[in-house]
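Structure first, then comments.
Predicted model only: the values in this text are computed from it and were never measured. Any value given below was found using the heavy atoms of this structure, including those in side chains, with hydrogens, waters and symmetry copies removed.
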Amino acid sequence: MVLFGNDSEEIELASNLLIRRATPVDAGALTAIAHDAKRYWGYPEEWIRHWQEDLTVTPDFVARNQVFVAERESEIIGFYALVILEHCAELEHMWVAPKHIGTGVGKELFIHAMQLAAGDSISEVEISADPNAESFYQKMGARRIGEVTSEVMGETRQLPRLTIDPTST
């Protein structure tokens, strides 16, 4: 169950999970989670190195955007970044530490992100998803609106492009 705080800064969940606003100091831990979560899907290490810039979360990025972490017993186990652009937003990052994938952490983070977007009068959140994550987002109510072409080490990939009305979750 998600408990939403008045100022969106800190929320404690019944599952002993705390969702709080990230600080620039958290950037290194968030980057490590993003890299580890991408590795979870079995991508070659040279692809992970190719994606290093995309998977790196800088202190400046955290300071400029809506970035929230999920913590359990003071350990960051997942996070998301919601980049707001007027009346729509992009879920730019959403990562869960591999040992916590499938435990509901991602669901709680996603619900929190949608509540935050709805509270900010955002009418649409868009997501360029890893193909392995598309079914998760669809279970959460997102629908495919297209694809984004990506190239990695000479291999062309089609990434699902999704959208969701944040008031629908």
Side-chain angles (χ1 to χ4, degrees), residues 1-4 8 11 13-20 22 30-44 47-48 50-51 53-57 61 65-72 76-152 155-169:
M1 177 155 110
V2 175
L3 303 175
F4 205 85
S8 305
I11 296 146
L13 305 169
S15 62
N16 206 22
L17 188 71
L18 174 73
I19 296 180
R20 66 164 174 84
L30 305 184
T31 296
I33 288 171
H35 280 83
D36 290 346
K38 199 69 162 175
R39 282 185 183 97
Y40 174 85
W41 298 110
Y43 291 113
W47 287 22
I48 302 295
H50 177 81
W51 290 324
E53 186 177 325
D54 293 337
L55 297 173
T56 297
V57 179
F61 180 86
N65 293 288
Q66 301 277 356
V67 183
F68 284 81
V69 302
E71 280 187 348
R72 186 169 283 140
I76 297 174
I77 60 175
F79 75 98
Y80 74 83
L82 191 65
V83 177
I84 298 176
L85 313 160
E86 295 193 24
H87 295 292
C88 67
E90 181 80 22
L91 188 62
E92 190 152 322
H93 287 282
M94 179 138 156
W95 303 101
V96 175
K99 72 180 183 179
H100 298 281
I101 291 174
T103 66
V105 173
K107 178 181 178 181
E108 295 295 346
L109 282 167
F110 189 82
I111 290 169
H112 185 272
M114 294 306 104
Q115 288 178 337
L116 180 65
D120 282 347
S121 300
I122 301 299
S123 59
E124 181 179 42
V125 175
E126 292 191 357
I127 308 159
S128 290
D130 183 285
N132 294 296
E134 181 177 18
S135 64
F136 165 79
Y137 291 120
Q138 287 176 331
K139 285 180 197 169
M140 299 304 296
R143 62 182 173 78
R144 185 186 270 240
I145 56 172
E147 294 180 334
V148 176
T149 301
S150 171
E151 189 173 310
V152 181
E155 187 171 325
T156 301
R157 303 175 69 224
Q158 298 299 319
L159 305 179
R161 185 74 176 154
L162 309 166
T163 188
I164 186 167
D165 174 348
T167 64
S168 68
T169 58

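Note that the CZ atom of Phe68 and the CD1 atom of Ile19 stand 9.0 Å from one another [nearest 0.5 Å]. Once rounded to the nearest 0.5 Å, the distance linking CD1 of Ile127 with CG of Leu159 reads 13.0 Å. In this structure, Phe110 CZ and Met94 CE are separated by 6.5 Å, a value rounded to the nearest 0.5 Å. Put simply, OG on Ser128 and CD on Glu134 are 11.5 Å apart, with the number rounded to the nearest 0.5 Å. If you take CD on Glu147 and CG on Leu162, they are separated by 10.5 Å, rounding to the nearest 0.5 Å. With values rounded to the nearest 0.5 angstrom, Leu55 atom CG is found 8.5 Å from Arg39 atom CZ.
Evaluation of the salt bridge (charged side-chain N to carboxylate O under 4.0 Å, His left out) test over residues 87-98, restricted to residues two or more places apart or in two chains, returns Glu90-Arg161.
Looking at residues two or more places apart in sequence or on another chain, you find a side-chain contact (heavy atoms from CB on, under 4.5 Å) between Ala22 and Asp26, Leu30, Val62, Val67, Val69. Listed by chain and number, the residues in a side-chain contact (heavy atoms from CB on, under 4.5 Å) with Ala89 are Leu82, Ile84, Ile122, Val125 (sequence neighbours excluded). Applying the side-chain contact (heavy atoms from CB on, under 4.5 Å) criterion to Arg143, with sequence neighbours excluded, gives Ile145, Thr163. Looking at residues two or more places apart in sequence or on another chain, you find no ring-ring contact (aromatic ring centres under 6.0 Å, His included) involving Trp41. For Thr56, there are no side-chain hydrogen bond (donor to acceptor under 3.5 Å, both in side chains) partners two or more places apart in sequence or in a different chain.
No side-chain heavy atom of Lys99 sits less than 4.5 Å from a side-chain heavy atom of Ile77. The shortest side-chain heavy-atom distance between Leu91 and Tyr80 falls under the 4.5 Å cut-off. Contact check for Trp47 versus Arg157: side-chain heavy atoms found under the 4.5 Å cut-off. Counting heavy atoms from C-beta outward, Asp130 and Tyr137 have side chains that stay 4.5 Å or more apart. Side-chain contact between Ile101 and Phe136: absent, with no pair of heavy atoms (C-beta onward) separated by less than 4.5 Å. A heavy-atom distance below 4.5 Å is not found between the side chains of Asn132 and Tyr40. Contact check for Arg72 versus His100: side-chain heavy atoms found under the 4.5 Å cut-off. Looking at heavy atoms from C-beta onward, Ser150 lies in side-chain contact with Val152 at the 4.5 angstrom threshold.
Nearest heavy-atom pair across Leu17 and Ala70 is CD1-CB, 3.9 Å. Scanning both residues, Ala117 and Pro166, for their nearest heavy atoms gives CB-CB, 3.8 Å. Of all heavy-atom pairs spanning Tyr43 and Lys38, the tightest one is CD1-O, 3.3 Å. Here the shortest heavy-atom pairing between Ser168 and Asp165 reads OG-O, 2.6 Å. A pairwise comparison of heavy atoms in Val83 and Phe61 identifies CG2-CZ, 4.1 Å as the closest pair.
Applying the 6.0 Å contact sphere to CD of Glu151 captures more than 12 heavy atoms from other residues, nucleotides or ligands.
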Q: Would you check, one step at a time, whether the test side chain to side chain contact (heavy atoms under 4.5 Å, CB included) holds for Thr149 with Gln158?
A: CA-CA 5 Å; Thr149 301; Gln158 298 299 319; 3.2 Å; yes
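Side chain of His35 to main chain of Thr31: a donor-acceptor pair is present (N/O by atom type, distance under 3.5 Å, no hydrogens or angles).
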